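The residues of the chain are indexed from 1 along the displayed sequence. Since we're looking at a predicted model, the values are computed, not measured. Just follow the structure's listing: the first ligand is 1, and inside any ligand the first atom is 1.
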Amino acid sequence: MTQASKKNETKAGFLLTVIVPVFNEQEVLGEFHRRLSEVLDGIDARVAIIFVNDGSTDYSLLTLQKLQQDDPRIAILDLSRNFGKEVAMTAGLDHARGDAVIIIDADLQDPPELIPQMIEEWRHGFDVVYAQRRSRAGESALKKTTAALFYRLMQKISRVQIPVDTGDFRLLSRRAVEALSGLRERHRFMKGLFAWIGYPQKAILYDRDARHDGESKWSYLALWNFALEGITSFSTLPLKAATYVGTFTAFGAFLYGLFIILDTLLFGNPVAGYPSLLVVVLFLGGIQLMALGVIGEYLGRMFDETKGRPLYLIKDYLPAPTGRDGMANSPESIHHRGTETQRKLGRGY
Ligand code: UDP
Ligand code: MG
């Protein structure tokens, strides 16, 4: 292709890549694809859809392959096992070539109908356009309050400003995608990473629907771990807390020591004895173990990072039939090329 014709092509319309992480979503994929297509058909752009099959154990992959037969825009990235949504999204981002890239859940909780509005904001110069929930339909009061608490806490203790009530549904500009692809940490708190890169960001408000079908893969334990991930990835406050608690306790102990000495000298009171001693020993022992646990959380994460393993492995890549003109990066090209940062670090993906 000559330089001139390449230029004309970019002018004619931009390339939009849609990334969909999929983990056991066989019930909704058909309906999701129907609604997504309806929206995409109305957009004046070349479109590529990358479904990332994150080790589904149901018929999701088969369903995707069937969809691909009728829709030449679809590429399927089949990961070697379940790596989690964070990594699945990253795999998709690594392979996305679009001038604008959209990440959307397959369970229809993220309405595809918002996409044109996102593109509009992107045209106005925003690098990250994220969908912000106005309400959370179909979720328990407990989940709503814990989520709200978590976001407020994150905003207080970390330097990056993570927007409240925001999921992963968003549009990223080319340079935002490039920036993200330089962040290869294993513990991927995506909401934090999206915020970390900075650039002009814009929120679009919407009402979040309940899942169309199937069930959420988030148990409360998973949510707790997710919160822990967010805090440890973006704040070292818990590490400092041990220092403050320790100082405070030592100071208290010193005052109490003074009090006992004076009490004995002035009033000749006998030593208070066994119960109070036991309480103090247990209290301090507990605090020490807790502080060790906090250090352990960080140490464990450092251990994981130092191993430098690839984030994911690809079992199969089924490019879109129209993808041969370079709508998506092939796994090989990424493996050999890598991003600038990866090359500097001397790591693969
Ligand atoms: N997902 C994934 N890997 C996982 C878990 C989830 O790719 O290990 C996908 C899932 O198929 C869906 C999206 O991530 O497209 C959001 O998952 P889910 O609906 O379970 O999360 P929630 O909406 O409750 O945050
Ligand atoms: Mg969901």
Side-chain angles (χ1 to χ4, degrees), residues 18-36 49-64 67 74-96 101-112 114-115 130-133 135-144 146-148 150-151 162-170 186-194 206-227 229-230 311-316:
V18 181
I19 297 172
V20 193
V22 175
F23 177 55
N24 294 349
E25 301 282 7
Q26 59 180 13
E27 301 96 342
V28 287
L29 280 173
E31 171 70 6
F32 169 75
H33 178 255
R34 195 190 59 72
R35 262 177 69 184
L36 180 69
I49 309 172
I50 304 179
F51 281 101
V52 185
N53 179 35
D54 187 17
S56 299
T57 49
D58 63 357
Y59 289 108
S60 291
L61 181 62
L62 208 69
T63 316
L64 288 175
L67 288 174
I74 294 181
I76 304 170
L77 199 58
D78 191 21
L79 302 186
S80 65
R81 64 172 168 85
N82 178 256
F83 283 92
K85 185 187 177 190
E86 270 46 48
V87 171
M89 286 190 291
T90 307
L93 284 171
D94 284 344
H95 292 79
V101 176
I102 285 175
I103 302 173
I104 185 170
D105 283 2
D107 61 5
L108 285 173
Q109 277 189 292
D110 303 334
L114 235 55
I115 292 177
Y130 55 88
Q132 194 164 40
R133 290 187 284 270
S135 67
R136 290 171 155 235
E139 283 181 9
S140 70
L142 183 62
K143 196 165 177 183
K144 279 185 210 170
T146 45
F150 170 68
Y151 285 115
I162 296 170
V164 192
D165 289 339
T166 303
D168 296 314
F169 183 28
R170 63 190 64 219
R186 297 197 48 73
H187 290 271
R188 306 186 73 70
F189 182 67
M190 289 304 272
K191 291 184 218 297
L193 298 185
F194 288 136
Y206 76 111
D207 294 305
R208 187 162 170 87
D209 299 327
R211 280 185 77 90
H212 184 76
D213 212 333
E215 49 189 51
S216 171
K217 278 96 201 164
W218 290 96
S219 61
Y220 277 105
L221 184 68
L223 282 173
W224 165 251
N225 283 329
F226 181 73
E229 201 72 70
L311 283 175
Y312 56 86
L313 293 174
I314 294 167
K315 186 160 72 186
D316 233 336

Element-labelled atoms of ligand 1 that are located less than 4.0 Å from some non-hydrogen atom of D107: 18 (P), 19 (O), 23 (O)
Side chain to side chain donor-acceptor pair (under 3.5 Å) evaluation trace for R188 with T90: CA-CA 9 Å; R188 306 186 73 70; T90 307; 2.9 Å; yes
If the cut-off is 4.0 Å to any non-hydrogen atom of G84, which atoms of ligand 1 fall inside it? 3 (N), 8 (O)
The answer for which part of K85 has a heavy atom under 4.0 Å from ligand 1 is both
Distance check, rounded to the nearest 0.5 Å: L313 atom CG versus L79 atom CG? 8.5 Å
Of all N, O or S atoms in D107, the one closest to the Mg ion (ligand 2) is OD2
Look at the rings of F169 and Y206 and say which category their plane angle falls in: under 30° parallel, 30 to 60° tilted, over 60° perpendicular. perpendicular
Of the options D54, L61, V22, V52, which is the one that meets D78 in a side-chain contact (heavy atoms from CB on, under 4.5 Å)? L61
Regarding atom 3 (N) of ligand 1: of the candidates D54, N82, D105, which has the closest heavy atom? D54
Do the side chains of D168 and K85 get close enough for a salt bridge, i.e. N-O under 4.0 angstrom? yes
Atoms of ligand 1 close to A106 [distance to a heavy atom under 4.0 angstrom, numbered from 1]: 15 (O)
Could an N or O of ligand 1 be found under 3.5 Å from any N or O of F23, whether backbone or side chain? yes
Check for me whether R81 meets the cation-pi criterion with F83, that is, NZ or CZ under 6.0 Å from the six-membered ring centre and within 45 degrees of the ring axis. yes
Around F150, counting heavy atoms of other residues, nucleotides and ligands shown, do more than 12 lie under 6.0 Å from its CZ? yes
Which atoms of ligand 1 are found less than 4.0 Å from any heavy atom of V22? 7 (O), 11 (O)
Any atoms of ligand 1 less than 4.0 Å from a non-hydrogen atom of E25? List them with their elements. 10 (C), 11 (O), 12 (C), 15 (O)
